[in-house]
Amino acid sequence: MRERDEGRGLSRRRMLGIGGALGLMAATGLSASAALARRPSVTGAELRSAVPLPPPFQVPLPIPAVLKPVSTSGGADRYEITQREASAEILPGVRTPLWTYEGAFPGPTIESRRGRPVTVTHRNELPVPTVVHLHGGRTPAASDGYPTDLVLPGGWQEATPHTGHGSAQEAHGAQGAHGAHGAHGAHGMHDPRAVVTRLTRDYTFPLDQRPTLLWYHDHRMDFTAPAIWRGLAGLQIVRDDAEDDLGLPAGPRELPLMIADRAFAADGSLDYPSLDPTLRERPGVREPYLAGVLGDVILVNGAPWPVHEVDAARYRLRILNASNARHYELEAVSDDGRRLDLVQIGADQGLLAAPVTHRLLPIAPAERYDVIIDFSGVPVGGLVRMVNRLGSGRTREVMAFRIARKATDDSRIPRVLSTDLPSWRRSEAVRVREFDFRVGRMHGGHGWLIGGLPFDPARSDVTTRFGDVEVWRLVADVHHPVHLHLVGFRVLSRSGRPPLPHDAGLKDTVSLRPGEGVEIITRFDGYRGRYLFHCHNAEHEDMGMMANLEII
């Protein structure tokens with residue numbers, strides 16, 4: 001990690017460093033030739049399911065239930081969520097054990113209003129500690145879901161520290177009693193700032209932010225990837241009056257779509273290559289999957305290759321890539337081979353200033369896109385397939401829409417969507433920082449590093465003053481979707497060239513492609529405290545690719 005006042009592009013030495021990192025990857029399951037070959041479409045290795053898989057477009061698209069608050073008094077909404085084991089029929093005729101929020105995968109959706117605080121009490125009835133992060137939330141540090149701020153299950157005892165391919169530490173243990181401070185990591189490191197509770201924790205979200213699609217997921221140190229894979233993910237939507245007045249498709253014509261790949265073992269369980277299947281002691285995955293775990297089944301809202309009946313009208317698709325490592329390039333194709341426009345109206349952090357029309361829409365892990373698609377020109381009975389141009393075989397299909405009927409449509413897509421996007425200028429930046437995201441060695445094994453260092457909760461990596469504007473230059477060896485907690489940012493450039501069309505708007509996750517350097521600009525405001533930035537390839541995150549961000 002380097003801080004500079006100026007400088008542009010990638011030096012030859014930097015590029016050679018990226019090449020060297022890729023060379024190391026050849027010994028760890030991802031070949032350098034593949035990584036250097038015209039920006040490969042995948043980073044990771046695919047698991048193959050051991051059960052028969054259904055044909056596509058047979059299972060109806062589920063819509064996650066909206067959670068009801070337990071209280072709405074005092075100008076705030078209170079919710080309760082129990083994290084517990086459950087089973088569900090994801091594949092027809094097959095029961096699959098899951099870790100869930102409220103017994104469902106995805107977890108229930110929380111509908112919220114801009115500026116109206118929400119408190120969610122999470123109760124942990126799972127066999128391991130958990131942490132909840134509201135991804136994209138402008139959240140005080142105490143409720144942001146720092147990886148060592150554990151919620152322990154009842155009866156949890158401190159485990160023996162381990163060694164292995166995990167990150168520099170794992171907050172196994174804790175001090176036991178509700179409200180105790182400090183947690184020890186997997187390699188004996190101590191986080192004196194960790195706040196550990198037993199059984200329950202209240203997370204408070206002021207929601208002083210633009211209306212958008214957020215998502216909540218587990219963020220436990222070293223075990224984020226397998227916990228999300230087992231089902232710990234759900235949606236939260238923030239709305240406001242100005243967005244409501246735009247006339248966008250709404251009600252049944254607004255569809256949340258959580259896309260995630262999975263693989264299934266012979267007994268119907270979710271297959272995942274954990275070194276420790278109990279997720280209690282040793283983090284990490286088996287050697288072929290160190291670059292990321294890909295599944296061979298594409299789920300949307302927890303259903304395999306689903307189909308949804310629609311009117312011949314406009315629909316608003318709130319798309320989240322909740323996959324651990326898989327990237328998608330989405331395309332909507334009708335029966336006659338015609339590609340339908342995907343009109344982007346929003347990004348990770350809310351509405352764009354004006355719509356952007358795509359035919360192909362790339363989406364990396366943790367990115368969200370708010371898209372309008374118009375089915376009015378498709379004949380009744382026709383099928384529109386959502387295709388993944390980066391997939392092959394079964395993973396090339398995502399889902400389908402069947403046009404069921406003609407219908408009236410009074411929705412619209414305004415030419416001006418919002419006027420409150422921040423207008424930070426490069427000249428306002430008080431500093432420029434540079435970060436390498438690349439493979440490396442840590443603790444005798446494979447790791448994924450930021451600035452050559454694995455994550456350490458006791459180390460301060462970046463300290464910035466509240467309100468400062470900064471430019472960050474992010475450089476990748478292979479695919480790294482980089483996520484900043486707390487703040488949204490704008491993409492300024494890619495490898496010295498203008499941003500791509502899908503970079504529009506305010507984002508919190510940016511997809512770095514192999515060998516690419518991306519510049520972003522942001523203002524560090526909202527709240528003071530300790531936050532994170534990290535790669536959202538969940539396997540990379542668990543193997544050290546996180547860093548601390550302190551706002552003072």
Are the charged groups of [X] and [Y] less than 4.0 angstrom apart, N to O?
X: Asp240; Y: Arg114; result: yes
X: Glu519; Y: Arg433; result: no
X: Glu470; Y: Arg431; result: yes
X: Arg316; Y: Asp370; result: yes
X: Asp149; Y: Arg220; result: no
X: Asp244; Y: Arg113; result: yes
X: Asp208; Y: Arg138; result: no
X: Glu550; Y: Arg528; result: no
X: Asp420; Y: Arg210; result: yes
X: Arg459; Y: Asp461; result: yes

Do any pairs count as a side-chain hydrogen bond (donor to acceptor under 3.5 Å, both in side chains) and have a residue in residues 228-238, sequence neighbours left out, and if so which ones?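 Listed by first then second residue: Ser112-Gln236.
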Listed pairs under 3.5 Å, donor-acceptor, residues 353-364 side chains, sequence neighbours left out:
| residue | atom | partner | partner atom | Å |
| --- | --- | --- | --- | --- |
| His358 | NE2 | Gln344 | OE1 | 2.8 |
| Arg359 | NE | Asp341 | OD1 | 2.6 |

Could you tell me whether the side chain of Asp261 and the main chain of Gly295 form a donor-acceptor pair under 3.5 Å? yes
Between Ser511 and His502, does the side chain to side chain donor-acceptor pair (under 3.5 Å) criterion hold? Intermediate values first, please. CA-CA 10 Å; Ser511 178; His502 65 270; over 6 Å; no
Listed partners of Asp348 passing side-chain hydrogen bond (donor to acceptor under 3.5 Å, both in side chains), at least two apart: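 Per chain and number, Asp348 pairs via side-chain hydrogen bond (donor to acceptor under 3.5 Å, both in side chains) with Lys507.
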Single hit among Thr224, Thr43, Asn324 for side-chain hydrogen bond (donor to acceptor under 3.5 Å, both in side chains) with Glu539: Asn324
